[in-house]
Structure formats: C-alpha cells, structure tokens
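Inspection log for the structure reproduced underneath, given as structure tokens.
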Amino acid sequence: MEPTDMPVHITEISLDGLPPQPEIHLRPRRVNLIYGRNEHGKTRLVEFILSSLLRSSSKMTLRPVEAAGFVTVSGLPDAEETRFNPRSRSKLEDYLPAPDAGLPPQLARLLVVKGAENALQANTPGGLGRAALKDYLSNQGVIDRIQDRVPKTTRQAQVTDGRIVGPQNGDLKKRKENLDKLAMIDRLFAEIDAQLSDGPLGQLSARLVEVQEAAAGQKTARQQYVNRLAVDLARWQQESDALPGHEVLHLDADIREEQRLKEEIDRLTRSCREKMPLQADYHWLEAALQTYRAATIPQHDEPVWLYPVLAAVSVVATVLLAFFEFPWAALVTALAALLTGYLAYRRLRSDALANVIAPENRLIMAEFERRFHTRCSGITDLQMKKTSLEQEISLLKTQTELLKTGTERLQDLSREIEHRLTLWLPDWRSVAKNRQAALQILQDRRTFLENSITRVQIALKSSPVQPVPGGETARADEFNPQVLVDLEEESTRIKEKMEDLNRQKTILRQRICDVTGESVTRSLAELIPALQSMRMELEHNARAQTAEILAGIAVTQAAQELRAGEDTALQTALNNPVIREPIHALTGRYERVDLVEDRLDVSDSFQSFRLDELSTGAQEQVLLGLRIGMASRLFEGQPLFLILDDAFQHSDWLRRPAMVDEVLRLAQTGWQVFYLTMDDHLRDLFLEKTPPLLGDDFMAFTMKE
C-alpha cells in the first residue's frame, strides 16, 4: 500500500575529494545500486552521507570526513529540498516529525548498515537486546497524576503521521510560529554553508596574495632567465666565430692527409731500403760484362753468322721445292740444311766452351751465382740480369725523389696542423690520443656551440619578454614556465570565486538583515552572530515547546489506556506482522522472534535458537529483517531511506534473491534503498530484479577503478 505522506528521500549527493574517486554527483532514485571494488570509496561515501545527515551518527565509529560536498533531502516539513553537509549545524533529526515514540537515539544505526555491521546494539549477544527494543518498539507511558499539569490545548492535540496536530492556539500556535522562523533561519544558514563551504573570503584573499607574490617571483626569474640566455648567446656566438665550422673541416682533412703522407713515406722508406743493395749488384754487373767481353777468345776465321744463314737458306729452299713438287731437289736441300745446322751448332758450342774456359769468365760466373743464387751460362745471362736490375734502379731513383718530396710536404703540413691546434686548443698535447682526440674535442665543441646557439635563439623568440642588457641573472634557475602558467590560472580562478562570493554575500546579507533587523551596512561576519543568537533562542524555545507538548500528549494518551507490562508490549511489537514478515522473507526459515530476559530467540516451525548462536549470515538476515520491520513500524506513513553497505555479503547464495526481493518490496511501499556492494552476484541480482519492478526509478552507479 502506498504511503499517504510524502516520503523523506535523498535526492542529490555531490562530493569531491573522496580518494581514489573523482568528483561524484548522483541523483538517487527509489532503489540505488552502488558497485565498486574494495578500498575504492564505498564505505567513505556512506560515512559522508551519515556525517552530513544524522547527528546520531556521532555515536558510530566513523573516520574523519575530509571530502567537500553536500546531500540534499526532499520531503521534509515546509521545504521542497534541504541541503546538508558534514559541517551543517542542523541535521535530519531536526526536521523529521517525531513518530509516536519520538525519534530513537540510534536513528543512524536503524537506517544505515555500514560494512555489514548489522548489530543494532553493541556488546549484546546477537547484536540486539532489551535496551534497543525499548528504544525502537516500546512506547513508554506517563502517569496519570501529571496529566492535570498539561495545558488544555495540548490535551486536545495528538500526533498524526508523525506530526503534532490540534487547535492552532496557545502553545501549538507559538510552537508553529517558532518552527516557521527557525526553518527560515536554517535555510539561511544552509545558504551560508553552501556559499562559504569552499573557503572563507579571507582565506581566498590570503591565497590570492600568495599566488600573486609567487607569480611575481616567477616573472622576475623569467626576466633574469632571458637575460642569462642573451649572455649565453653572445658568449657562444663569440666562441663560434673563433672556431669556424669550415676550419674544423679543413683541419680534419689535413689530419687525414698527414696520416696518409706518413703511411706513404713509411712505404717508400721500406721499399728504398729493400732496393739499396741492388745498386752494388748493378755496378758489379757492368764491370763483369766488360771483363767478360774482353776475355772472350775468337776460334775461327769465318764469320759466326755463316753457318746459321746457310742453314736458314736451305730450310727455305726445301719448303719451296716441296711446295712446287720437286721431291729430289727438296731432299738435297733438306740434307744441306741439316749439315749447315750441325756445323753452326758445333761452332757455337766450341766458342762457348772456349769463353767459359777463360779464367776471368769462370770467376765472374762464380760470383754471379753467389750474388744472385742462380746458374750463369754466359754473357747472355749477365746481360739479362743487368737489364732487369736497370728497371729496379730506375724505380729506386723515382721512389727516392718521392720520399724527399713527401717528407718536405709532411713537415710543412704538420707544422700547420700544430699551429691551428695550439690556437684553438692550447692544451691539446695533453689529450691521450693526440691529434684525432684533439680533433674530436673540437668537433664536439663545434656541435655543442651550434646546438646551444639554436636552442637559445628559439627560447628568446618564444619568450614574451626581451632581455635587458646588463640585467641580473642570479635568479634565472628559479624560473619554471609551467609553474608560472599554473599560478596565473589559479589567480584568475580565485578572483572569479571571490567576485562570486562577494555577490552572494551581498544578497545574503540583505536577507539576514530582513530577519534580524540589523543594518545592511554591517559585514556578514557581524551579522552571523546575531543570526546565530536568534536561531539558538528559537531552537531552544521550539525544542522546549515540542518537548512540553509531546510530553503532554504522551501523558494524556498513557493515562487513557492501561499500560501493559513492558515484556508484553515488546513481545507484542515483535509479533507484529510488520516485523515478522521481513524476517521470514529474508531468512526463509524463522517465523517468530521472542524476547527471553535480555536476549532474543528466533524460532522456525520446529524449534528455537538463540540469536547469538546463529551463523554470521543468519544473524545478519534476522537483524536486517528486524531493522526493516522496526523502521517500517516506527515511521509508518512516513517512508524514509535505508542504506545497506554490503549487508548481504555473508548470506549464502540461496537466500540472497529473497533478501533482495524483500528490499525491493520495502521500496515499493515508498522507502528509498541504497545498496552498496563489491559482490558481483549481489550486483547482478539487483540489476536483474529491480528494473522490471521499478523501471526508471532505479539508479546503478559504478565506482571508478
């Protein structure tokens, strides 16, 4: 059955600074599933909501809330929406109409299950005992003898749907006037909190001064940085002019030429050294030839050439006669050719033997064999060897000339290289690898100069300021371009925020003055204490009036009916179907809860069990069912919200669907449900079951990884 009153629901959650999450902004629906892995901010989100909404959350163990933001609630009396934050002076308890038994002292524990902590009463077996049941279920009566002290108007009033109704005169009229004024002042404080929650104007102003001073320091450092760039550019340009690039290339070429000349001179020197002994051999051969010719003894009177010529003529004649087919004549000439050839051979052999037999020639041939390690047959071998040596001697002369010319060129080139190295690199001789190492130093220096000049020129062109000749450079190292950009952007943001705050403060100051009657010329800091004093007075009066009226109503009601025993009242409340049905739906087994002394027993169709002896999952199911049942009973006609932080994580998978169904049933009656989980199975159950029942009135949100 749908409730008759407007439900009290959370309509907006906005917060920033919830590590490791980015800024979160949610618009909750009837059922809200928030899924995220462990240590990703779910519990911190619950703690933020608790600290923002409920004063009784101070009795729970919560970590300090550092996130900035707010929680908006709808359905509160005389307000469409009310915004709360952890620093708000007013909390939800200040707005909720008191149910029949008044707001319980542990409202946060009733509406919130944080991290599967289902216990409603600490240090109690099973997590719930008599004391908590009295707070949530027992409607303590008052005695009749004080009824006469209750004003007549109060005796005519009653609490309906969590509200005090009755004749609007006397104490009820005064209370309503005070509550109306208090609500208006609370709205003003809510606006003050909202407008100043990002930091007071004074803090922004102080921060702006710090940022501007830091930016000015960066600009000074930037100017000095540019000045130093100009100095570096002039110095590097001067060094570059003193070490031209083409000269370094020429020096490289000269060093390579010097090395080539050294290698060529070494080669020529080795070759000449190898050929020097040949000169003595050549001179000996010249003398040997002259001696050999002089020692030759002629043997015959006829010319040496006679027999060879006759042999040649006979051969020619034989060929011709044979060609013209004169065989007998050809035979005669052939025999003549053989005879003359034999005579020519014998003549030559005779002359050779005669020359060899000469004593001088024998000595020459022996010396020839000793010098050249080869046999000498006569003057022909001597002449051939001399001709061969003449080529080597000619080559030796050429190489000697080249060696002389190359040595002179090498000396001149070496002096030139040493002169340039000394000019550009005075300590070049200390380099271990000498010239090549010195050249590498010069090349590296040239490359460094070119890169440095290019880099500085680019930096100077891109700089918004120009160098100052002779300017300071001491703070150049402090300059950081990104820091300057960040500081200027922050300065702009602070100025915009300060302007917005000043506008809001002006409007807010006028509204406060309309309430307090103070002069609009006074500052907000002067007006707030006056508004606080007025609020404290109105709140004190309203609380006193409400307490007096509620006490009077309670006394009147208690006096009108007989009060049963406390155990009977509590057991009757526990037997209420509103409480029993959620327990059975969630557990699937237990149908009854009984108060035995100070503990609770649960029963199924066959036997009873102590609540503290059940498994963790079963205890959580029973306590969650009791929580849902007591909340439904306590705020009947006024649905609120229920926050479950992994309340089903210890339940077995067979019971989880039933627990989700019961939560959805509660939502269909008007209650708003938040379920936070890191369990994929529970997430999937909500995603499967909720849309068919509630349609668009369902929100699913996943925490960022």
Side-chain angles (χ1 to χ4, degrees), residues 243-296 355 360-443 446:
L243 184 63
H246 65 278
E247 290 291 347
V248 176
L249 294 176
H250 289 166
L251 179 62
D252 185 18
D254 288 347
I255 290 176
R256 294 177 186 275
E257 177 64 15
E258 180 188 40
Q259 183 63 30
R260 189 194 67 78
L261 285 174
K262 287 180 179 180
E263 294 173 355
E264 180 66 17
I265 289 172
D266 290 342
R267 186 184 64 79
L268 290 173
T269 300
R270 288 192 302 271
S271 180
C272 290
R273 188 179 297 115
E274 292 172 356
K275 290 182 175 60
M276 287 298 292
L278 298 179
Q279 288 182 329
D281 293 338
Y282 180 77
H283 294 317
W284 178 84
L285 278 172
E286 285 182 327
L289 280 170
Q290 292 176 0
T291 303
Y292 198 97
R293 289 191 185 99
T296 301
N355 290 332
E360 294 86 350
N361 291 347
R362 286 199 302 272
L363 292 174
I364 289 172
M365 293 172 65
E367 180 63 19
F368 181 93
E369 292 177 0
R370 186 188 67 81
R371 284 178 177 269
F372 303 110
H373 306 290
T374 185
R375 183 177 178 79
C376 179
S377 300
I379 192 170
T380 302
D381 291 339
L382 292 173
Q383 187 63 46
M384 289 178 61
K385 191 63 177 178
K386 180 188 175 196
T387 302
S388 174
L389 287 179
E390 283 176 349
Q391 295 176 357
E392 295 292 334
I393 295 302
S394 177
L395 181 59
L396 176 60
K397 291 180 180 180
T398 302
Q399 289 178 338
T400 303
E401 290 297 327
L402 290 175
L403 181 60
K404 180 180 178 182
T405 304
T407 302
E408 293 174 354
R409 170 61 181 155
L410 177 61
Q411 291 174 351
D412 294 340
L413 187 60
S414 296
R415 284 193 295 269
E416 177 63 22
I417 291 173
E418 290 185 4
H419 172 72
R420 280 182 286 178
L421 285 176
T422 304
L423 179 64
W424 294 330
L425 199 63
D427 58 344
W428 70 273
R429 295 182 185 276
S430 64
V431 179
K433 294 184 180 180
N434 221 331
R435 281 193 169 91
Q436 285 298 331
L439 176 62
Q440 186 63 47
I441 292 175
L442 291 176
Q443 291 173 337
R446 184 64 202 174

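Rounding to the nearest 0.5 angstrom, the gap separating the CZ atom in Arg260 from the CD1 atom in Ile255 is 15.0 Å. For the atom pair CD (Glu257) and CD (Glu264), the distance works out to 10.0 Å, reported to the nearest 0.5 Å. Residue Thr405 holds its OG1 atom at 11.0 Å from CG of Leu261, rounded to the nearest 0.5 Å.
Comment: Arg256 engages Asp252 in a salt bridge, judged by a side-chain N to carboxylate O separation of less than 4.0 angstrom. Electrostatic pairing of Glu401 and Lys404 does not count as a salt bridge here, judged by no charged N lying under 4.0 Å from a carboxylate O. Ion pairing between Arg415 and Asp412 holds under the 4.0 Å rule for side-chain N and carboxylate O.
Taking all atoms of both residues into account, the shortest heavy-atom contact from Leu268 to Leu403 is CD1-N, 3.8 Å.
Taking the side chain as every heavy atom from C-beta outward, Lys262 and Glu258 approach each other to under 4.5 Å.
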